[in-house]
Amino acid sequence: QQEAGSEKVTIGALIRNTDEQFVADYAENLKKLAAERGVDLKLLDSRSDQAMQLDQLNVLLTQGVKHFVIVPNVTEATEDMAKKIDAVGGGAAFSNIQPSVEALKVSPNFYLASSPESVAGQIQAQILDEYFQAHPEKMANGDPNAIDAIFLYGQLGHPAQVFRSEAAVKGLKDAGYTVNIVAEDTANWKPDEAQAKMDTWLAAYSGKFDVVIANNDGMALGAVESLLTNKYTDDPSDPTKDVDGDGTVLRVPVIGVDATGVAVKSMSEKKLFATVLQDAVGQSTTAFELAYMMATEGSATGKDAWGISPLTEVTGESPATDAAIVGQCYLVPFAAVTMDNYKEFMQ
Amino acid sequence: MAQDQNYILEMCNITKKFPGVLALDDVTLRVRPGTVHSLMGENGAGKSTMMKCLFGIYQEDGGEIFVNGKKENFSSAKHALETGVSMIHQELSIVPERSVMENIWLGREPGKKLGPVQFVDHKKMFKDTETLLKNLEMEFSPNDRMGSLSISHQQACEIAKAVSCDASIVVMDEPTSSLTETEVNHLFKIINSLRDKGVAIIYISHKMSEIFQISDDVSVMRDGKLIATKKASELDEDKLIKLMVGRDMTNRFPPVDSIPAEVCLSAKNYTSDVERSFKDISLDLRKGEILGLGGLVGAQRTEFVESIFGLRKIKTGTLSINGKEIRIKSPEDAINAGIGLITEDRRGSGIFPLLSIIDNTSIPSLKGCRKKVGFLDHKKIFNTATGINKKLRTKTPTFHTPIQNLSGGNQQKVIVSRWLMTLPEILIMDEPTRGIDVGAKYEIYTIMSELVNAGKAIIMVSSEMPELIGMSHRVAVLCNGNLTGVLEKNDINSENIMRLATQFE
Amino acid sequence: MDTKISAVADKKGIVTLKTIQHTLGKHTNLVTLVVLIVALGIMTGGRALQISSLQNLMVAEAVRAFAALGVGLIIINRGIDLSIGQVVGLVACVSASLAQTSDYAGALYPGTVFPVFLPIIVGIAVGTLFGIINGLLVAYGNLPPFIATLGTMSIAAGLQLIYTRASTIGSLKNEYKHIAQGSLGPLPYLMIYVLAAVLILWIMMTQTRQGKAFYAIGGNPQAARVSGINVKLNLLKVYALGGFLYGISGVLLSSRLGLANPLTGDGMELDAIAAATVGGISHSGGIGTIGGIFIGVFTLGIITFGMTYMGVDSYYQLLVKGMIIIVAVYFDMKRHAKRA
Amino acid sequence: MDTKISAVADKKGIVTLKTIQHTLGKHTNLVTLVVLIVALGIMTGGRALQISSLQNLMVAEAVRAFAALGVGLIIINRGIDLSIGQVVGLVACVSASLAQTSDYAGALYPGTVFPVFLPIIVGIAVGTLFGIINGLLVAYGNLPPFIATLGTMSIAAGLQLIYTRASTIGSLKNEYKHIAQGSLGPLPYLMIYVLAAVLILWIMMTQTRQGKAFYAIGGNPQAARVSGINVKLNLLKVYALGGFLYGISGVLLSSRLGLANPLTGDGMELDAIAAATVGGISHSGGIGTIGGIFIGVFTLGIITFGMTYMGVDSYYQLLVKGMIIIVAVYFDMKRHAKRA
Ligand SMILES: Nc1ncnc2c1ncn2[C@@H]1O[C@H](COP(=O)(O)OP(=O)(O)OP(=O)(O)O)[C@@H](O)[C@H]1O
Ligand SMILES: Nc1ncnc2c1ncn2[C@@H]1O[C@H](COP(=O)(O)OP(=O)(O)OP(=O)(O)O)[C@@H](O)[C@H]1O
Ligand SMILES: [Mg+2]
Ligand SMILES: [Mg+2]
């Protein structure tokens, strides 16, 4: 039942888990936009539980909500959600975790407004490729084509963990490196676990790895702290000096994802080497505008959102691989945050 | 060994070891059908252990058990029950949250088939329980929650349960330890009718009078060995005691010749804050006096003394110690005021099962066992605690043994030691000799006598007439929460006590 | 005799008093639930209380209800089970992997056509197997249930990752999804399953020897043992039954979601235990009813539902939920207070 | 007298037997730890067993050790505490927010200069406050500890998110980080803190009335009450002490990491409880030593350390950890078996 007597536009937002930095920023921006446009935003957090997200969708549907912004928990769940929304004649824009091709095929009112997780991994690979091009001497085993990497994963099975990790390895391989994984383990997104793991790895693999790749900034910072306290720095007596001029005071670069304030601050101290900005503001604005257009104009098909136009031809990345729905895909660019540009991202 | 058809039960050469203890040493016990066979012995002699081996709770380390001439090797209580052995346990084994009838029929509820499924027939269960309780003249409903009954009624339920099993051998391990005289007489009626039906009853008790009232045969154990099996008619109390303790014991009560002096504790208008409990009780206790507190079960004696000790709340009433009015709101206050309390529920509120005898003895007294810096003086604790326990002849492998490994009576001795160690001015003892053998009883009485001789005072709640009569300077009697009278030394006798105990309104 | 007459009078008094107390006591949980529902109704101007809301609620809580019933029975037997969430998750993954459409290239067993009943049976079997392991550890290994199930929780989590290689198992067959997503007129299947389970377990607990044995073991294991009840075997049984119910829970979860991944089920143990406790299951054992567990599940359900409906900020949801659990159980405990 | 002589003889024999048993019994945990260390040594050809490894282990486990000590004491008093992880996390966030460099624009209180002791005091105060709330709920509210602390766990998690707005609090002052990162020669400060805590708590538990009171309450609360111990007050004390120790744990965690976020501390309760149990603290109360908890922490620590060192696949790590917990506690339980 549509709420009678209320002319207000209502948008439902189903958000994966606001414990995560990216998602929290995404949600904050949605609230801001809703306040600006006078939209009644019903924002719900599923705490990483897909069953709960489904329940929340059901509740909003019974409340008469038709248009949604969704950060799903899993790609595979998007088709079912799309079908439910389509059944009441509504539509949705998916962010961050890609919807499946089938989900977008449910109706033209379903959109991708995202930078897929895998792009974060790709950018990590690009940054590292540039780094090793410039500093071939930093390769631990002397082979300029083999990267000895340590990986810190997020919670295993979490989509961000899976896609970011796979893409980073693939990106390095595509750039022509052999990737030799010296050590890998989950730290469940947590800085303290990452620190403990790194401590142990330093005992086992000191001098045998040339990069630490983390699925998020939190773990990257935990690893940085471990390297600092274990004096794994260019100059063990002064951990603030970047002796070899590679952009980091640590003996190896550490790289994360998220570009949180703390991470950028760490970069300004030449501790963390680089990170990747998942544009939470960009993604949420795009998704919000798509949902808003659907609610106010009936459809968003073919229109620009946040200045981004829909794709016109297929790309190699799902779901924009199917010509039938390529016009429903809005790709929000990722940004590499490096020593050259980090100041732009300072809070 | 050829089995004699004259015996319904033969336990041959039973041996049972516990870590550090040889609880049963080659014990042989033979029981004839249709008899009451009493098992006597000091605390820790091995009586309960013997019966637990029979009932499948413990596995004997050596020996054989024959029931009706057939060799049996009970692996569990279930097995024993199925073979026709039932048992009333020394420690209450009830499920407080369930109803009386569910407790009684637990594990063998009457069933009715409904298709392939066996359901519990609640109607039949209720009827059967009602009949059973009526036959035993017990006045509570099958639907009452077990935990809401008094300890004595709970024990009565256990008796009903054992009887209802239609067993050919019924073991009763101190079934009367919390029953009053009327209820005991009742139990004896039941036992007699069972005996007439050919059931063999193995009866364990520390109460001499009962033994001679009911037994056909008597076996005596000491230190894990069987000393003798005799016909009850061949024995008298003195002979029996000699067999049990290995020496003559002429007196059962030591002389209590202290002369009560000034009043040290005075309770005025004590009324419980619970509706149907004790009301308006005023009592004085003098230094050097043993004040007996008698009454039927349910008379609220326990509630009254626990209120004095600060365990229960009162609505009105004042308490003075040595003429000074004080308020006791917790046991801590009571202990600080020089009062000690031995509770009646040893397992529930007495022992710390896993802690050592030393800890169990010393816990309320630790304040006085500290060095200058405030740390505990372990040496002093050890010496004091072991000293008192040795005096009471607590039987234990070491004083570091967890108290749960001791026999029931020895646990009680540790609890008595605990309160003696606090050097109380006033000691309240709620059924102090429950489950204690004659020898140890005498020791406890001696200590009571010594205490009053030294000017301390004792309140003794007891359901044992001889004890009340033998030890008290005065006896106060409660009935239904009212103080119905205080008997002076010369008036103390069974008739007077019973008269006051049944003086309702 | 005087004694008897007064005893009878006493008892009568007790019966009435007890009965009232009992009735009121039993209702503490129901009262909480009703209060919450009324409060929600008032706060939303009645809008939240429609048939469709009730359906939503039932569907949302069904999966959790099975877990709560399982752990509720275990708590009645003085146990606890922390492995629930991971076992449910493992079952969901295993059953999902056997229910994938055979033409899906990303399937775990691509090209293989399994009959629809297979994932159900295998899933429930996996759950039961974990229940049996828990039972063996607790009953025969004498491990404290907290620790035994903490161990199996970790093991189930590991197996889940190994089996799925940390990926999501999706694209399940429609027939399989229908099991949990279908409905009989206005009645969702899930609701029917839950009601059936509640009925069967209620009969077991109140009308059979098995139920009496469980209550006795929870109330006083020694007493149960000397009454001829095989305590160890019964503990094994109740953990196995718990595992069986988690198995159903896991199958329904994957069927309802149409997918499963290693995060599925995470943390469900705490919700299930909280629900059982709010429903009046006592952690000291021997106390609680199947109906109570059912009420407990819906009490927590209505809290989540209400907060979702009203759009309460998720950070504050945690706060509110914690407080409501404490308050609900506090009132329920007041009647047990004297036993402390 | 015969009786006496035989009793004495008995006792002598018993003393030796008891002593050996006792010693062996006490050593179950230590034996487990030694076995694991030796196994690790063999498997890594001795490489894993260097001084630096030991330091790593100490440092890595120090934070957890405080939590395990806290919950160990609570378990000795027949309690449990699920709120640990979230309380530690909340403390870490609060203390971190008061220790940020004042020139950091992203700080929670940018531009404000707090003295270094402030985050320590406030952090520990927050921990203690939660301990007191837990204690009040358990002791005076008669809530089952599992549920009371489940509630406060949820509350602490909510507060953490509200306080930090789900973001990471970083850029902590060097003086503050020095508290946990510094070392005295080869001795990391963290190790000194832990050893000091172990010593103090050991003295408390074995040499003072307070310790005896805790053991007595764990052994039989009713009997403790009759013995003049204020059971409720002591329960409040032990939960408050637990909270105090979690407070220290949280402060050290943020100091060591140099940052804190809402994930910090998550799940630490299970690790801490597992460590205490592996160290011989019995869940039925009244049994366990401070030294045992210490050993338990390092037993689990060496498992994590060893598996990380050897690069065991993370999927299998969960499996192995679950199994080792079960096995370690199983052997420890064998000696308690007869009490079941
Ligand atoms: N579970 C046990 N572990 C170790 N020792 C035990 C155990 N049970 C009994 N004992 C020991 O076995 C001996 C016999 O104990 P038992 O309980 O059979 O004595 P009892 O004759 O029944 O005494 P009471 O009259 O006091 O009940 C005692 O020395 C006791 O300490
Ligand atoms: N309704 C009840 N619920 C729980 N326990 C009870 C109840 N009534 C009595 N008791 C317990 O049963 C025991 C016996 O108390 P009761 O008042 O029946 O007898 P008493 O004369 O005071 O004591 P005694 O057993 O020493 O003769 C006490 O420990 C009391 O706490
Ligand atoms: Mg005995
Ligand atoms: Mg957290």
Side-chain angles (χ1 to χ4, degrees), chain A residues 17-25 27-28 45 151 153-157 181-206 216-219 221-222 224-226 228-230 239 258 260-266 268-269 271 346-347, chain D residues 44 47-48 50 52-53 55-57 59-61 63-64 89 92 100-101 104-107 110 157 160-161 164-171 177 180-183 188 253-254 256-268 301 304-315 317-318:
Chain A
N17 184 359
T18 45
D19 284 12
E20 291 169 36
Q21 182 87 53
F22 168 83
V23 183
D25 293 346
E28 277 310 311
D45 173 0
F151 274 92
Y153 300 135
Q155 189 180 13
L156 294 175
I181 298 180
V182 176
E184 57 179 339
D185 206 344
T186 179
N188 293 306
W189 304 121
K190 287 186 239 169
D192 52 332
E193 274 189 39
Q195 186 182 31
K197 296 276 178 224
M198 201 64 226
D199 281 350
T200 308
W201 286 331
L202 280 173
Y205 307 113
S206 182
N216 77 348
D217 280 348
M219 296 187 292
L221 291 172
V224 165
E225 206 62 33
S226 165
L228 284 172
T229 49
N230 285 287
D258 278 345
T260 61
V262 183
V264 177
K265 166 86 166 132
S266 179
S268 74
E269 291 158 2
K271 293 174 182 168
M346 292 276 264
Q347 286 174 346
Chain D
T44 62
R47 274 172 300 116
Q50 301 153 347
S52 63
S53 301
Q55 283 174 336
N56 266 333
L57 195 59
V59 166
E61 296 307 319
V63 171
R64 203 157 15 240
Q100 289 180 300
T101 47
Y104 171 46
Q160 209 174 332
L161 287 166
T164 60
R165 283 167 238 128
S167 64
T168 303
I169 298 171
S171 185
K177 296 209 281 187
Q181 296 183 353
S183 66
L253 185 57
S254 66
R256 172 161 187 250
L257 262 179
L259 59 88
N261 71 12
L263 292 177
T264 310
D266 263 23
M268 196 191 276
T304 314
F305 177 82
M307 289 197 295
T308 308
Y309 195 96
M310 296 191 295
V312 174
D313 187 308
S314 32
Y315 302 169
Q317 286 199 15
L318 283 165

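Labels below follow one simple rule: chain letters A, B, ... track the order of the sequence lines, proteins then strands, and each chain is numbered from 1. Since we're looking at a predicted model, the values are computed, not measured.
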Taking side chain as everything from C-beta outward and backbone as N, CA, C, O, which of these in [X] sits under 4.5 Å from a heavy atom of chain D? Side chain, backbone, both or neither.
X        : result
A/Ala203 : both
A/Thr18  : backbone
A/Asn230 : side chain
A/Tyr205 : side chain

Tell me, side chain or backbone of [X] under 4.5 Å from chain A's heavy atoms, or both, or neither?
X        : value
D/Leu161 : side chain
D/Thr44  : neither
D/Ile169 : backbone

Nearest 0.5 angstrom please: [X] [atom1] to [Y] [atom2], how far?
X        : Y        : atom1 : atom2 : value
A/Asn188 : D/Ser314 : CG    : OG    : 9.5 Å
A/Asp217 : D/Asn261 : CG    : CG    : 10.5 Å
D/Phe305 : A/Thr200 : CZ    : OG1   : 5.5 Å

Show, in sequence, the C-alpha distance, side-chain angles and deciding distance for D/Leu253 and A/Asp192, and conclude whether the side chain to side chain contact (heavy atoms under 4.5 Å, CB included) test is met. CA-CA 8 Å; D/Leu253 185 57; A/Asp192 52 332; 3.7 Å; yes

So, does A/Lys190 use its side chain to make a donor-acceptor pair with the main chain of D/Asp266 at under 3.5 Å?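 Yes: the side chain of A/Lys190 pairs with the backbone of D/Asp266.
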
Does a side-chain N-to-carboxylate-O contact under 4.0 Å join D/Arg165 and A/Glu28?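 No, no charged N to carboxylate O under 4.0 Å.
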
For D/Gln317 and A/Asp185: C-alpha separation, side-chain torsions, deciding distance, then whether side-chain hydrogen bond (donor to acceptor under 3.5 Å, both in side chains) applies. CA-CA 9 Å; D/Gln317 286 199 15; A/Asp185 206 344; 2.9 Å; yes

